[in-house]
Amino acid sequence: MLPVLDIYTFDAPVLRKKARPVRRVNNKVRKELDDMLETMRSAAGVGLAAPQVGISKRMVVIDVGEGPYFLVNPEFVSRSAETETKWEGCLSWPGYVGEVERPLRVCVKALSRDGHDIWVEGEGLLARALCHELDHLDGMLFVDKATSIVEVEPDDLKDSEGFSSLTCIFMGSPEFAVPALNELVQSGINVPLVVTQPDRPYGRKKTLMPTPVKKRAIELGIEVFTPETLSSPEAVGRLKLVEPDFIAVAAYGQKLPGEVLELPRYACLNVHPSLLPKYRGGNPVQRQIMAGEQKSGVSIIYMSERMDAGDICLQKPVDVDPNETYGTLEKRLSVLGAHALTEAISLVYTGSVVRKPQDDKASTLAPHLKRGEEIINWQAPAGDIHNLVRALSPVPGSVTVFGTERTKVWRTQVLPLEGFPFSADAAPGTILKVDDTMAVVKCGKGVIGVLEVQPVGKTPMAARAFLAGRQKGPRKFG
Ligand code: NI
């Protein structure tokens, strides 16, 4: 799974700049094109220009249903005089469409992903997409050419299901929970109250910091409630006033007493980032990566007094890439969980949900990290070490020592055994070879490439640079 890039919107300056031509189609350009395609697909778009993801280069990806086009330095060869006026939208102008007159047929010349000359002839939607994306490269947006622009309800469909008549209390705290709150509000559900953890002291100065959910709720103009506990009669009374149809919970971080679970008219639903009954508990995402799971997903469950043990309402699986980190997987699951949550609310509300009890015997636990778990054990198999490193990225980072120096290890790569001859009695942790991209290190089983490290008090650096500055070191980690 490739990373999904942020799409710049509305008045981002990069959208208004004339993009630079690409000098050579190299691996970096190919990687950018691949990331753009992934980003476009995950946003369900038909075209994406590099400036939209903050890259001011003349490249676009387009897929109108016949497979992707990667176009580098595209230029019009011809444009038909005959035109067509239709509605179009843009990922950089979410929530709006406009009527734009475009040529009915165009021909574009470009370099392909392999750096070869290609010509694309398009008619109708493909012609429109080509014009729209090429405009982006000159800093032009569809709103500049549109004769009328209207706001589209993000979820017309859901609203016709009667979402606007539903009232939901949202409970959540960290960044993971923010997409769920956004999606609830966007779907048209009435969210009059957000419950989140109280502000906590942060950093050396012990500044009180609001949770990410509190910050977002304030931006959305929603009332925020931050009780130390939900078990007090005052807290329960406050929730009762809302007369909620649903309570939606995502990583709130506090137990809900039975009285609160009983409160909503329909259900108290929880978003959990694993395929339950596996990985119950407070740290499912890191634990799944540490275990090298290739399948993950989100579960929407009916909350019960036993943690993460309630009946399943809805599950959505995803594949996990063998190099994916905790950071990206959690982000993906938070967005997937947000979609699943509103879908689950719709299922429950319309009475079309199939409630499935969890099989307790198949359950596993996902506890928080214990002290010392971040330290790399070089006696372990290479695959386990790799899984630890990516499970602890971007926080808190896995740790090893080089001589007396402590360093974090941010990026590794499992290597095939062939091509790295080493003496069988070299101790695990021994650095077998250093090249431009990595230090090859012997493990308890197999070898691993260490790509990026960060010694205490320094910024992250390539393993090669780290070792070059420490020639007198022990040639061994751990
Ligand atoms: Ni666009």
Side-chain angles (χ1 to χ4, degrees), residues 1-43 45-64 66-79 90-93 102-103 106-122 126-142 144-145 321 323 328 410-411 413 435-438 449 451-452 459-465 468:
M1 173 53 80
L2 295 158
V4 170
L5 309 170
D6 284 336
I7 297 178
Y8 288 67
T9 52
F10 301 117
D11 48 10
V14 67
L15 294 174
R16 290 308 194 174
K17 254 170 62 182
K18 195 173 160 77
R20 296 184 314 276
V22 174
R23 264 197 263 155
R24 210 159 60 85
V25 184
N26 54 19
N27 283 337
K28 180 168 181 251
V29 166
R30 273 187 278 277
K31 166 93 171 65
E32 287 169 339
L33 287 167
D34 292 342
D35 289 349
M36 283 167 59
L37 181 67
E38 188 70 24
T39 305
M40 180 188 89
R41 292 223 161 116
S42 78
V46 297
L48 187 74
Q52 293 182 270
V53 290
I55 302 170
S56 195
K57 292 185 193 168
R58 303 190 78 80
M59 11 189 236
V60 307
V61 295
I62 290 176
D63 188 350
V64 295
E66 50 198 54
Y69 290 103
F70 297 97
L71 304 177
V72 177
N73 299 339
E75 277 172 53
F76 287 110
V77 178
S78 66
R79 272 172 276 198
C90 176
L91 295 174
S92 291
W93 267 76
R102 301 281 192 190
V106 300
C107 180
V108 166
K109 179 184 180 230
L111 293 174
S112 70
R113 193 179 170 282
D114 308 318
H116 300 307
D117 284 336
I118 47 166
W119 285 264
V120 181
E121 283 185 22
L126 180 56
R128 178 168 297 272
L130 286 163
C131 293
H132 178 114
E133 300 314 328
L134 265 65
D135 274 355
H136 271 301
L137 303 182
D138 292 325
M140 215 165 347
L141 297 170
F142 83 100
D144 305 335
K145 296 184 169 176
D321 183 275
N323 293 312
T328 59
W410 286 122
R411 245 164 9 101
Q413 184 181 332
D435 67 19
D436 280 350
T437 53
M438 64 180 84
L451 284 74
E452 193 183 52
T459 52
M461 58 181 80
R464 182 197 173 85

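Computed from heavy atoms alone, side chains included, the values below leave out hydrogens, waters and symmetry copies.
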Worksheet item: Hey, does L37 have a side-chain heavy atom less than 4.5 Å from the side chain of L33?
Response: no
Practice prompt. Indicate the atoms forming the closest heavy-atom contact of W119 with C107, along with that distance.
Written response: CD1-SG, 4.3 Å
Worksheet, complete the sentence: When every non-hydrogen atom of L137 is compared with those of P74, the smallest separation belongs to CD1-CG, 3.6 Å
Item to complete: Please report the closest heavy-atom contact between G449 and L451, naming both atoms and the distance.
Response: O-CD1, 3.4 Å
Worksheet item: Nearest 0.5 Å, what's the CD1-NE2 distance between I62 and H132?
Response: 9.5 Å
Fill in: Side chain to side chain, L141 and H136, heavy atoms closer than 4.5 Å
yes
Worksheet entry | Student check: side-chain heavy atoms of P13 and Y8 closer than 4.5 Å | no
Worksheet entry | L91 vs L48 side-chain heavy atoms within contact, under 4.5 Å | yes
Discussion item. Any side-chain to backbone donor/acceptor pair from D138 onto D135? Under 3.5 Å, distance only.
Written reply: no
Discussion item. I'd like to know if the side chain of R16 reaches the main chain of G139, judged simply by a donor and an acceptor atom lying under 3.5 Å from each other, with no hydrogens or angles considered.
Written reply: yes
Discussion item. Taking the side chain as everything from C-beta on, heavy atoms only, tell me whether L71 gets closer than 4.5 Å to V120.
Written reply: yes
Worksheet item: Can you tell if the side chain of D35 reaches within under 4.5 Å of the side chain of V53, non-hydrogen atoms only?
Response: no
Worksheet item: Looking at residues at least two apart in the chain, or sitting in another chain, which of them share a ring-ring contact (aromatic ring centres under 6.0 Å, His included) with F10?
Response: W93
Fill in: Sidechain-backbone polar pair: R30 side chain, R113 backbone, donor-acceptor under 3.5 Å
yes
Discussion item. Going by side chain to side chain contact (heavy atoms under 4.5 Å, CB included), V61 matches just one of E133, E38, M40, R41. Which one?
Written reply: M40
Response to the item:
Interatomic distance, CG@N73 vs CG@L111, rounded to 0.5 Å, equals 5.5 Å
Item to complete: Using a 4.5 Å cut-off on heavy atoms from C-beta on, say whether the side chain of M59 contacts that of I55.
Response: yes
Item to complete: Output yes when a side-chain donor or acceptor of D114 lies under 3.5 Å from a complementary backbone atom of H116, and no otherwise.
Response: no
Fill in: Taking every non-hydrogen atom, the tightest pair across S112 and V72
O-CG2, 4.3 Å
Worksheet item: Stepwise, does the side-chain contact (heavy atoms from CB on, under 4.5 Å) test hold for Y69 with L126?
Response: CA-CA 10 Å; Y69 290 103; L126 180 56; 4.0 Å; yes
Worksheet entry | Check ion pair R464-D436 (N to O, under 4.0 angstrom) | yes
Discussion item. Looking at R58 and A19, would you say the former's side chain and the latter's main chain have a donor-acceptor pair under 3.5 Å?
Written reply: yes
Worksheet item: Which value, rounded to the nearest 0.5 Å, describes the distance between F142 atom CZ and S92 atom OG?
Response: 9.5 Å
Fill in: Pairwise distance CZ(R79) to CG(L130) - rounded to 0.5 angstrom
11.0 Å
Worksheet item: Between A127 and P103, what is the shortest heavy-atom contact and its length?
Response: CB-O, 3.9 Å
Worksheet item: Rounded to the nearest 0.5 Å, how far apart are CG of L15 and SG of C90?
Response: 7.5 Å
Fill in: Residues that K17 engages under salt bridge (charged side-chain N to carboxylate O under 4.0 Å, His left out), provided they are two or more places apart
none
Worksheet item: Backbone N or O of I7 within a donor-acceptor pair of the Q52 side chain at under 3.5 Å?
Response: no
Fill in: For A129 against V64, the heavy-atom pair lying closest together
CB-CG1, 4.1 Å
Practice prompt. Kindly indicate, with the supporting measurements, whether the criterion side-chain contact (heavy atoms from CB on, under 4.5 Å) is fulfilled by V106 and S78.
Written response: CA-CA 6 Å; V106 300; S78 66; over 6 Å; no
Worksheet entry | Residues that E32 engages under side chain to side chain donor-acceptor pair (under 3.5 Å), provided they are two or more places apart | K57
Practice prompt. Find out whether I118 and K109 are in side-chain contact, i.e. whether some heavy atom of one side chain is under 4.5 Å from a heavy atom of the other.
Written response: no
